[in-house]
Amino acid sequence: MLRCVLRDVSGQSIIVPQLLNLQVNIDENVPADSLYAVMAYMPTDELVGVTLYQDDEQVFTGIMDEQEHVSDETGEYLKISARSPAAHLLDNEAMPCAYDHPSLSLIYDRYVKPFGITMTDHGDAVYFGELNILKGSSCWRAVKQFCNACFSSVPRVSSTGVLYPEGIVNDREIVFGRDGVRYTAMRESQKRCEEISAVYVKASGSGSYTLPVRNEDAEARGVRRVRYLNAMLTESPMRCADTMIANSAKKAYAIELRCPSCLLGKEGSRATLKDTASGRKSDLYISAVHYRMTKDGAYSDVTLKRRQKNVDQ
């Protein structure tokens with residue numbers, strides 16, 4: 001059962017008796033998750049935040065972007081829109097600075113911690129190079145720039161306000177289909193045009209692009225899509241090449257399911273699909289959850305993608 005709690009400028013919590021309409025969008029490709037809700041009007045002070053619970057589990061917390069008091073022939077309503085805590089990183093400009101060998105803890109303390117966003121226990125990784133945060137960059141761009149350089153990854157702030165420097169990885173597994181979460185529609189897509197078959201690396205300033213990093217699976221399936229990487233312009237070039245190939249594999253394959261249930265809070269979880277027609281598919285994870293609830297019912301549109309494998313530097 002979903003429960004919605006609003007917060008106002010005076011610090012008061014307001015429990016919403018009933019939501020009439022709810023949309024929650026969670027997608028790893030969008031930095032900040034979003035929530036849109038409609039409820040029967042009730043007088044409130046200026047609203048600053050909202051928290052959504054599935055039973056006793058917090059599945060979304062956000063900062064208020066807009067609130068509207070609407071009255072028409074059908075009734076009186078309060079409409080709100082909010083974004084997850086990552087919105088703070090998008091909305092605030094980062095202090096320009098040039099860093100030499102910056103650490104993860106330094107970047108977190110300077111650009112993330114002030115907004116109340118916590119971080120997973122990730123150790124204190126150090127980027128052995130220079131990192132320039134330019135005037136006009138957002139705090140999100142500063143964090144993303146560090147994670148791209150240090151981990152060859154895109155960071156993710158969860159819908160409840162936790163920073164994952166290498167993206168959300170959830171150990172729990174969800175089975176869809178037989179003996180698992182029921183779905184009413186399925187679409188499986190394969191985009192060969194997204195997959196990279198090889199990355200050729202230039203290992204020295206005077207050399208050429210002669211060192212190949214191959215995607216043997218793609219090559220075996222006849223994919224011919226090549227990229228080139230200058231090792232002189234990036235740290236850990238082999239890791240970058242592997243990441244380019246892994247990311248292309250993620251873009252190349254997806255399964256979209258419509259489930260007549262609430263799957264908020266399940267993003268990042270390992271996933272297995274058991275389908276009568278296409279059989280068992282594993283090594284997947286939940287990359288996006290779009291939840292809709294109206295007077296006609298509720299459902300979750302879920303996107304499953306291939307898990308990007310860890311790459312050694």
Side-chain angles (χ1 to χ4, degrees), residues 1-7 13-40 47 49-65 77-87 156-162 164 167-188 254-275 281 284-305 307:
M1 180 178 177
L2 285 174
R3 179 164 53 94
C4 183
V5 180
L6 307 175
R7 299 185 305 278
S13 295
I14 304 124
I15 299 176
V16 177
Q18 182 182 8
L19 291 170
L20 304 177
N21 190 297
L22 176 67
Q23 300 180 27
V24 181
N25 299 305
I26 299 173
D27 192 321
E28 66 176 1
N29 295 318
V30 181
D33 304 323
S34 60
L35 176 148
Y36 306 90
V38 180
M39 62 207 74
L47 298 174
V50 58
T51 303
L52 194 66
Y53 297 88
Q54 170 71 5
D55 296 325
D56 293 327
E57 180 186 3
Q58 186 180 121
V59 294
F60 181 95
T61 185
I63 61 173
M64 199 66 62
D65 283 334
Y77 307 100
L78 176 64
K79 296 183 178 182
I80 63 170
S81 64
R83 288 174 296 159
S84 61
R156 174 73 178 156
V157 176
S158 74
S159 57
T160 54
V162 180
Y164 293 79
I168 295 179
V169 178
N170 194 328
D171 286 337
R172 73 180 144 189
E173 182 178 15
I174 298 177
V175 177
F176 294 89
R178 298 195 305 272
D179 303 320
V181 177
R182 187 170 69 91
Y183 60 89
T184 58
M186 186 269 283
R187 180 170 67 179
E188 182 180 16
I255 295 176
E256 297 176 357
L257 303 173
R258 174 158 292 186
C259 305
S261 56
C262 179
L263 294 173
L264 295 174
K266 303 300 189 292
E267 61 272 17
S269 298
R270 293 184 294 117
T272 297
L273 176 67
K274 295 181 179 180
D275 182 71
K281 297 183 183 297
L284 302 170
Y285 74 100
I286 298 176
S287 71
V289 179
H290 299 279
Y291 178 75
R292 302 287 183 273
M293 185 272 290
T294 68
K295 61 181 178 61
D296 297 321
Y299 61 87
S300 297
D301 284 335
V302 177
T303 302
L304 309 181
K305 290 187 178 180
R307 174 72 76 187

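As the structure is a computational prediction, the values presented were derived from the model and not from experiment. Below, all heavy atoms of this structure are taken into account, side chains as well, without hydrogens, waters or symmetry copies.
Under the 3.5 Å distance criterion, the side-chain polar atoms of R178 are left unmatched by any main-chain donor or acceptor of L273. Here the side chain of D55 pairs a donor or acceptor atom with the backbone of M1 at under 3.5 angstrom. Although no hydrogens or angles enter the test, the distance criterion places a donor-acceptor pair under 3.5 Å between the side chain of S159 and the main chain of V59. Of the possible donor and acceptor atoms, one in the side chain of R270 sits under 3.5 Å from a partner among the backbone N and O of D171.
Within 6.0 Å of CG on N29 lie more than 12 heavy atoms contributed by other residues, nucleotides or ligands. With a 6.0 Å radius and a threshold of 12 heavy atoms from other residues, nucleotides or ligands, R187 has its CZ atom at or below the threshold. The number of heavy atoms from other shown groups lying within 6.0 Å of NZ (K281) is above 12.
Between N21 and Y36, every side-chain heavy-atom pair lies at or beyond the 4.5 Å cut-off. When side chains are defined from C-beta on, N170 does not count as touching E267, because their heavy atoms never get closer than 4.5 Å. The side-chain heavy atoms of F60 and V50, taken from C-beta on, include a pair separated by under 4.5 Å. Taking 4.5 Å as the limit, some side-chain heavy atom of V289 sits within range of a side-chain heavy atom of L264. Looking at heavy atoms from C-beta onward, S261 lies out of side-chain contact with R182 at the 4.5 angstrom threshold. Looking at heavy atoms from C-beta onward, M64 lies out of side-chain contact with R7 at the 4.5 angstrom threshold. Counting heavy atoms from C-beta on, the side chains of V157 and S84 never come closer than 4.5 Å. Between T272 and E173 there is a side-chain heavy-atom pair separated by less than 4.5 Å.
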Dump the intermediate steps for side chain to side chain donor-acceptor pair (under 3.5 Å) on N25 and R83, then the final yes or no. CA-CA 9 Å; N25 299 305; R83 288 174 296 159; over 6 Å; no
Given side-chain contact (heavy atoms from CB on, under 4.5 Å), test I80 with M39 step by step and report yes or no. CA-CA 9 Å; I80 63 170; M39 62 207 74; 4.0 Å; yes
Does the pair D27 and H290 meet the rule for a side-chain contact (heavy atoms from CB on, under 4.5 Å), with working shown? CA-CA 8 Å; D27 192 321; H290 299 279; 4.0 Å; yes
side-chain contact (heavy atoms from CB on, under 4.5 Å) between T184 and Y299, worked out: CA-CA 10 Å; T184 58; Y299 61 87; over 6 Å; no
Audit row: L78, L47, side-chain contact (heavy atoms from CB on, under 4.5 Å) steps and yes/no: CA-CA 11 Å; L78 176 64; L47 298 174; 4.3 Å; yes
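Closest heavy-atom contact between S158 and P85: O-CD, 4.4 Å. Residue T51 comes nearest to Q58 through the heavy atom pair CG2-CG, 3.7 Å, listed as atom of the first residue, atom of the second, then distance. For A271 against F176, the heavy-atom pair with the smallest separation is CB-CE1, 4.0 Å. Closest of all the heavy-atom pairs between P31 and R156 is O-NH1, 3.5 Å. Residues C262 and Q54 share a closest heavy-atom pair of SG-OE1, 3.7 Å.
Expressed to the nearest 0.5 Å, how far OG of S287 lies from CD of E256 amounts to 9.0 Å. Y183 contributes atom OH, which lies 8.5 Å from atom CD1 of I255 (distance to the nearest 0.5 angstrom). From T160, atom OG1 reaches atom CG of D33 across 9.5 Å, with rounding to the nearest 0.5 Å. Rounding to the nearest 0.5 angstrom, the gap separating the CD1 atom in I63 from the CG atom in L35 is 12.5 Å. To the nearest 0.5 Å, atoms CD1 (I174) and CD1 (I286) are separated by 4.0 Å.
A side-chain contact (heavy atoms from CB on, under 4.5 Å) with Y291 holds for exactly one of L2, L52, V302; it is L2.
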